[in-house]
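First the structure, in the form of structure tokens, and then the observations on it.
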Amino acid sequence: MSTTPTDKRARVFSGIQPSGAVHLGNYLGALRNWVALQHEADAVYCIVDLHALTLPKEPGEVAQGTLDIARLLLAIGLDPRACVFFVQSHVHEHAELGWLMQTIASYGELSRMTQFKDKSGRSTGFISASLFTYPALQAADILLYDTEVVPVGDDQRQHIELARDVALRFNARYGETFVVPEHHIPAAGARVMDLQSPENKMSKSIDSPQGTVNLLDTPKEIEKKVKRAVTDNDGEVRFDPTSKPGVSNLLSILAAATDGDPAKLADQYHQYGPLKADVAAALIALIEPIQARLADLDDATVRAELRLGAQRAQAIAAPVMDRAKQACGLLV
Ligand code: AQP
């Protein structure tokens with residue numbers, strides 16, 4: 001079976017954590033593709049609220065974050081008539097299969113996850129066991145839907161590899177049970193870097209307000225952040241991510257926002273100022289319509305869509321969960 005994302009019959013699944021302001025990296029790396037793929041494939045999209053609990057949260061914070069991000073995803077263009085759109089904790093099969101996946105993933109495998117090393121390394125205090133095991137839950141999220149294609153940013157490559165490995169191991173141990181998924185990483189925008197420290201990816205969990213463009217930023221804020229983006233002193237506009245990470249990041253962002261090619265775009269500029277002005281203008285053009293749609297969405301509508309989405313998701317997930325329980329020999 002073909003698993004190209006344009007295949008009408010391909011099952012697509014992806015998720016996003018309700019753990020902070022959605023930024024340009026989330027949008028260009030993943031969310032923009034979610035919107036496109038909902039019309040081309042059989043798409044299932046999830047707000048992964050259980051994953052948000054891997055880092056300590058105040059009571060009520062995740063619920064509010066879930067509603068906020070749901071509104072934003074609808075404003076970005078998710079259409080609950082064209083895709084299944086729901087919250088992870090509303091479908092209990094995620095946690096259930098997550099446990100089974102912990103029995104299949106190895107300690108060594110989870111220890112090699114760079115995101116765990118990064119996030120636990122940055123923490124100064126409590127490190128939850130769930131931060132270590134969450135790729136097993138992520139594998140469950142994906143495998144529950146017989147997923148063929150997972151649209152994500154480049155930072156998720158290793159986790160999708162893990163989901164493939166546990167699916168293959170489960171199938172080898174207990175017989176064919178899970179579809180083995182593939183990642184779908186965009187050519188442009190796969191790894192948007194922080195504007196202030198372009199050696200780091202733009203991220204929700206790193207405190208870098210000036211380096212992160214959020215989808216709720218005003219045009220003035222976007223202009224200011226892009227104008228102050230770190231570049232270098234040689235003044236040459238060239239696409240060279242290794243020796244010119246800041247300038248190359250701006251070119252990549254412009255390419256992703258305008259469907260261009262970063263190396264070709266570089267030929268059009270001889271100074272950083274005009275490049276920055278064009279990047280800011282392209283981002284404002286991308287973000288303004290999203291913000292306009294956001295104003296029209298109320299919480300009651302969003303909650304109703306999510307309730308309906310959970311029912312539709314569970315109709316797919318429950319038989320897969322039963323299949324997995326039977327296969328691994330639980331009494332059913
Ligand atoms: N900088 C990025 N460039 C391109 N894609 C990115 N994604 C995240 N950062 C970038 C993609 O966004 C999707 C949803 O992200 P998530 O919230 O589920 O994952 P995340 O990795 O937790 O997002 P953040 O912002 O990077 O937060 P932290 O720092 O907390 O991990 C994913 O498909 C991801 O690839």
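For the single chain, residues carry numbers from 1 onward in sequence order. Read the numbers this way: they start at 1 and go in the same order the structure lists the ligands and their atoms.
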Quiz item: So between Ala52, Gly153, Pro18, whose heavy atom ends up nearest atom 33 (O) of ligand 1?
Solution: Gly153
Exercise. Examine the proximity of ligand 1 to Asp155 and report which part, side chain or backbone, both or neither, has a heavy atom under 4.0 Å away.
Key: side chain
Exercise. Would you kindly specify which portion of His51 sits under 4.0 Å from ligand 1, judged on non-hydrogen atoms: side chain, backbone, both or neither?
Key: neither
Quiz prompt | Closest approach of any protein heavy atom to atom 19 (O) of ligand 1, naming residue and atom | solution = Gln156 NE2, 4.0 Å
Quiz prompt | Electrostatic pair Arg228:Glu223 at N-O distance under 4.0 angstrom | solution = no
Self-check item: Option with minimal heavy-atom separation from atom 6 (C) of ligand 1, where the choices are Ala256, Gly29, Gly25
Solution: Gly25
Exercise. Answer with side chain, backbone, both or neither: which part of Gln17 has a heavy atom less than 4.0 angstrom from an atom of ligand 1?
Key: both
Self-check item: Top protein contact for atom 8 (C) of ligand 1, by heavy-atom distance
Solution: Asn26 ND2, 3.2 Å
Self-check item: Ionic contact status for Asp194 with Lys201, cut-off 4.0 Å
Solution: no
Quiz item: Of the protein's non-hydrogen atoms, which lies at the shortest distance from atom 13 (C) of ligand 1, and what is that distance?
Solution: Ala30 CB, 3.7 Å
Quiz item: Relative to ligand 1, is Met193 under 4.0 angstrom through side chain, backbone, both or neither, heavy atoms considered?
Solution: neither
Quiz prompt | Salt-bridge criterion met for Asp267 and Lys264 (N-O under 4.0 Å) | solution = no
Practice problem: Look at atom 16 (P) of ligand 1 and say which protein heavy atom is nearest, naming residue and atom and giving the distance to 0.1 Å. | Solution: Lys204 NZ, 3.5 Å
Exercise. Say whether Ala190 and ligand 1 are in contact under the criterion: heavy-atom distance to a ligand atom below 4.0 Å.
Key: yes
Practice problem: Mind checking whether Ser203 contacts ligand 1 via backbone (N, CA, C, O), side chain (CB onward), both or neither, at a 4.0 Å heavy-atom cut-off? | Solution: both
